[in-house]
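Below is one structure, written out as structure tokens; comments come after it.
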Protein chains: 4
Amino acid sequence: MRNRIINSASELFTEKGVEKTSLAEISAKANISKGTLYYHFTTKNDLVFAVTEMHMENLTQNLLKLLNTGDPPEEIVGKLFDTVPNAETRSRLHIYLVREAVTENRELLKKFHDIYGRWKKMLIKGLNEVIPGLEDPEALAGFFIAAVDGLVIQNLLSINEVETERYVKLIKLLLKNEKGEENVKY
Amino acid sequence: MRNRIINSASELFTEKGVEKTSLAEISAKANISKGTLYYHFTTKNDLVFAVTEMHMENLTQNLLKLLNTGDPPEEIVGKLFDTVPNAETRSRLHIYLVREAVTENRELLKKFHDIYGRWKKMLIKGLNEVIPGLEDPEALAGFFIAAVDGLVIQNLLSINEVETERYVKLIKLLLKNEKGEENVKY
Amino acid sequence: MRNRIINSASELFTEKGVEKTSLAEISAKANISKGTLYYHFTTKNDLVFAVTEMHMENLTQNLLKLLNTGDPPEEIVGKLFDTVPNAETRSRLHIYLVREAVTENRELLKKFHDIYGRWKKMLIKGLNEVIPGLEDPEALAGFFIAAVDGLVIQNLLSINEVETERYVKLIKLLLKNEKGEENVKY
Amino acid sequence: MRNRIINSASELFTEKGVEKTSLAEISAKANISKGTLYYHFTTKNDLVFAVTEMHMENLTQNLLKLLNTGDPPEEIVGKLFDTVPNAETRSRLHIYLVREAVTENRELLKKFHDIYGRWKKMLIKGLNEVIPGLEDPEALAGFFIAAVDGLVIQNLLSINEVETERYVKLIKLLLKNEKGEENVKY
DNA sequence: GATGAATGAGACTTCATTCAT
DNA sequence: TATGAATGAAGTCTCATTCAT
């Protein structure tokens, strides 16, 4: 039941954003009464939080899978840049939830803070394993995550006319050099 | 008068997001009546659009100034990564407006689409001027913009513990290699 | 308009009490939309406060009139005991509003506090004018007001089978003796 | 079990009034489920009635004890005026329940009617025993009860700055004269 | 140009009550 | 006896928008 509600909410949030989705619509989609919804979630924010948890958990699982394929690093990062920003459904939801976290929802903000931290650690570990000797893996991880989020935005705004491979090529260059070669003047 | 309204709206949008800001509040802050507000803007969306225009114009001007300093490229990109994501006020507004554009506001979406396109072109031109011979300046520009937006998000979520210089160092490496050196196995 | 709303609310509060009267009912009775009601009163409590103010003002005016008739004191007090508790409409409203003041409504509580104080002062002044030399006019005033309120309750509970004259007779005795005669053992 | 529920309800009613207390809160406080509450009380009104019965029984027992102390009448009435209005807890509950009885609760109204009648009779009997020859003991009893209720209200409204002794002195005068002395012009 | 009173649709939330287990 | 999930009706409040002045 809780899950049924979360799923309905998730879909509607993705479609119209959190604020434009009413509890009435959610309960209608879940085929339950508004009262039932209230029984399971004390507050709309409660529900938003639950949806966020599920969403973030999904993304984390995907990232884990990606890191455990044993693929060469440029392949992994390539897939990362290919998959995430192009999953429109999740992208939308992500932006909506970020927006929610940014205002008036401390709890949600903390959730995001924690998960992003976890992602960064996962990436750092993954990078270190496959490319030993990186100079600043932390910056690299933060940078990759930022780029992914930024591409998410560009995709939502239908701006991205560059094929992923071209980005991947850039990343390859980046990784190669970060491996610690002496800095050359360009 | 129009500007007074736009400024008031801008501040309130930044503070609480578009949807949680009521026209009543805006007119109160601008010291005018709700009626007057409606005299100048047919609709709330109208106002949102006007605010977006101003906001985007500001960002564009900043980018232009940055590109025209004549600084070396890594300096420019460094400043870009240093300034934009750390301007909390603008960051918030930006995320709020993006969110607004992504749902139910075709006109706004187009606005964003256009401006991001313009930014990309400006960056490409800038890059080409200072670093002739780049292999894929378009991908590079898109990538930089994405990274900036992503860092905006990380800052809003209070996640970014990496100092900008470390990012800049990464970018330097990227630029160096992108200059067309033969690809080396890492 | 404000008055129209206050009157409608007043009637409904009297009929069913404050908490069982919905803003929907009030606006229906006043032939306006719920929105209009909200336009004039930010909150249900606001409206309750306004109704209280009007109600208390009415009672105060009545008391003033009574005190200025120039009648002999026992007549005045007699009328007080006769009029107030028997005005069912006002009695009900009074009890409902007292109830409201007693919980969760600081402002209302203060209002009641102030008005009761004013009434006491008016009574003291009146008593002193017509019966000079009273020993403890303050206690007397408090006592009379208490008795009136108590009879209000009894009337609402349909308990009062004693005719007012019999109470008036008691009061006469009280006033006579309070004039300062030496205390006699009974 | 029933008593546990009644006590929890009693406390909550005292704190927040009948209408603002939900059955959910009551069952939570009584550490039982809402279902169990409904097993014992068919309806919220049922519970209110039970609470009233207990409350009124308590007050009646107190009055009985007071009347059976064998103290001189002015002492008894003094204690009455001293104890009842100053017992804040009971006072609040009393006002809340009166309010409940006055609207939409016939059964409750009858209960109050009956108990107030019984109190009056008890007082009359008590007065007659200790002060034989009273002219109108019924009026006196009604008057005393009214005064007590009125002082309850004043205390709840934090208005009563007069010490009880001063009221008692008034009552003494009243009793003395009521004993049948010839009426003197004042 | 400017105002502010009026509106109606709808949002979130509350809660007494029912009922299968 | 006891439970707790489910419900539906209703309550307070919010707000973008209209319109006569």
Side-chain angles (χ1 to χ4, degrees), chain A residues 1-2 4-5 18-28 30-48, chain B residues 1-2 4-5 9 16 18-28 30-48, chain C residues 1-2 4-5 16 18-28 30-48, chain D residues 1-2 4-5 16 18-28 30-48:
Chain A
M1 176 87 294
R2 252 184 84 91
R4 199 158 106 210
I5 296 172
V18 174
E19 321 192 29
K20 308 260 170 161
T21 301
S22 74
L23 298 184
E25 286 169 301
I26 295 171
S27 52
N31 260 94
I32 55 168
S33 73
K34 259 190 288 180
T36 303
L37 202 161
Y38 170 73
Y39 180 75
H40 290 281
F41 299 91
T42 321
T43 249
K44 192 183 183 181
N45 266 355
D46 247 41
L47 180 52
V48 172
Chain B
M1 175 90 296
R2 254 184 80 92
R4 199 158 103 209
I5 297 173
K16 341 170 40 184
V18 175
E19 321 196 26
K20 309 258 168 161
T21 301
S22 72
L23 298 185
E25 286 170 300
I26 294 170
S27 51
N31 262 93
I32 56 167
S33 73
K34 248 190 292 184
T36 304
L37 201 159
Y38 265 87
Y39 181 80
H40 289 283
F41 298 91
T42 322
T43 241
K44 192 184 183 180
N45 267 354
D46 248 40
L47 180 51
V48 172
Chain C
M1 177 88 293
R2 252 185 85 93
R4 198 158 106 212
I5 296 172
K16 343 172 38 187
V18 174
E19 320 193 30
K20 308 261 169 162
T21 301
S22 74
L23 298 184
E25 287 170 302
I26 294 170
S27 52
N31 259 93
I32 55 168
S33 73
K34 261 190 287 178
T36 304
L37 201 160
Y38 170 74
Y39 179 76
H40 290 281
F41 299 91
T42 320
T43 248
K44 192 182 182 182
N45 267 357
D46 246 41
L47 179 52
V48 172
Chain D
M1 175 89 297
R2 256 185 81 93
R4 199 157 104 210
I5 297 172
K16 342 170 41 185
V18 174
E19 319 193 30
K20 309 258 167 159
T21 301
S22 72
L23 297 185
E25 288 170 298
I26 294 170
S27 51
N31 261 93
I32 55 168
S33 73
K34 246 191 295 183
T36 305
L37 201 161
Y38 264 87
Y39 181 79
H40 289 284
F41 297 92
T42 320
T43 242
K44 193 184 183 180
N45 267 353
D46 246 42
L47 179 52
V48 172

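Hydrogens, waters and symmetry mates are skipped; everything else that's a heavy atom, side chains included, is used. By convention in this document, chain letters (A, B, ...) are assigned in the order of the sequence lines, proteins followed by strands, and residues within each chain are numbered from 1. Note that the coordinates shown come from a computational prediction; the quantities given were computed from them, not determined experimentally.
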Can you tell if the side chain of C:Leu23 reaches within under 4.5 Å of the side chain of C:Tyr38, non-hydrogen atoms only? no

Taking C-beta and beyond as the side chain, do D:Ile32 and D:His40 meet within less than 4.5 Å on heavy atoms? no

Regarding F:dG11, can its base be found pairing with the side chain of C:Lys34 as donor and acceptor, where the two atoms are less than 3.5 Å apart? no

When you measure from the side chain of [X], which nucleotide among [options] comes out closest?
X	options	answer
B:Ser33	E:dG4, E:dT7, E:dT13	E:dG4
C:Leu23	F:dG8, F:dA2, F:dC13	F:dC13
C:Met1	E:dT3, E:dA6, F:dT7	E:dA6

So CG of A:Leu47 and CD1 of A:Ile5: to nearest 0.5 Å the spacing works out to 7.5 Å

Quick one: CD on B:Glu25 to NZ on B:Lys34, what's the gap to the nearest 0.5 Å?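 Interatomic distance, B:Glu25 CD to B:Lys34 NZ, rounded to 0.5 Å: 11.0 Å.
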
Answer yes or no: does a side-chain N or O of [X] lie under 4.0 Å from OP1 or OP2 of [N]?
X	N	result
D:Ser22	E:dT14	no
C:Thr36	E:dA6	no
A:Tyr38	E:dT14	yes
D:His40	F:dT1	no
D:Thr43	E:dT17	yes

Which residue, A:Glu25 or B:Tyr39, contacts DNA chain E at a nucleotide closer to its 5' end, judged by nearest heavy atom? B:Tyr39

So which one's nearest nucleotide on DNA chain E is more toward 5', B:Leu37 or D:Val18? B:Leu37

Walking DNA chain F from its 5' end, the first of A:Gly35 and B:Ala24 to be reached, judged by nearest nucleotide, is A:Gly35

Watson-Crick or G-U wobble partner of E:dT13, both distances under 3.5 Å: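 Partner of E:dT13: F:dA10.
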
Would you measure the distance from the C1' atom in E:dG1 across to the matching atom in F:dT21 and give it in whole Å?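 Comparing C1' positions in E:dG1 and F:dT21 gives a spacing of 13 Å.
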
Is there a donor-acceptor contact under 3.5 Å from the side chain of B:Lys20 to the main chain of A:Glu19?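 No, B:Lys20 side chain to A:Glu19 backbone: no donor-acceptor pair under 3.5 Å.
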
Quick one: label C:Thr21 by what it contacts on the DNA or RNA (base, sugar-phosphate, nothing), any heavy atom closer than 4.0 Å. sugar-phosphate

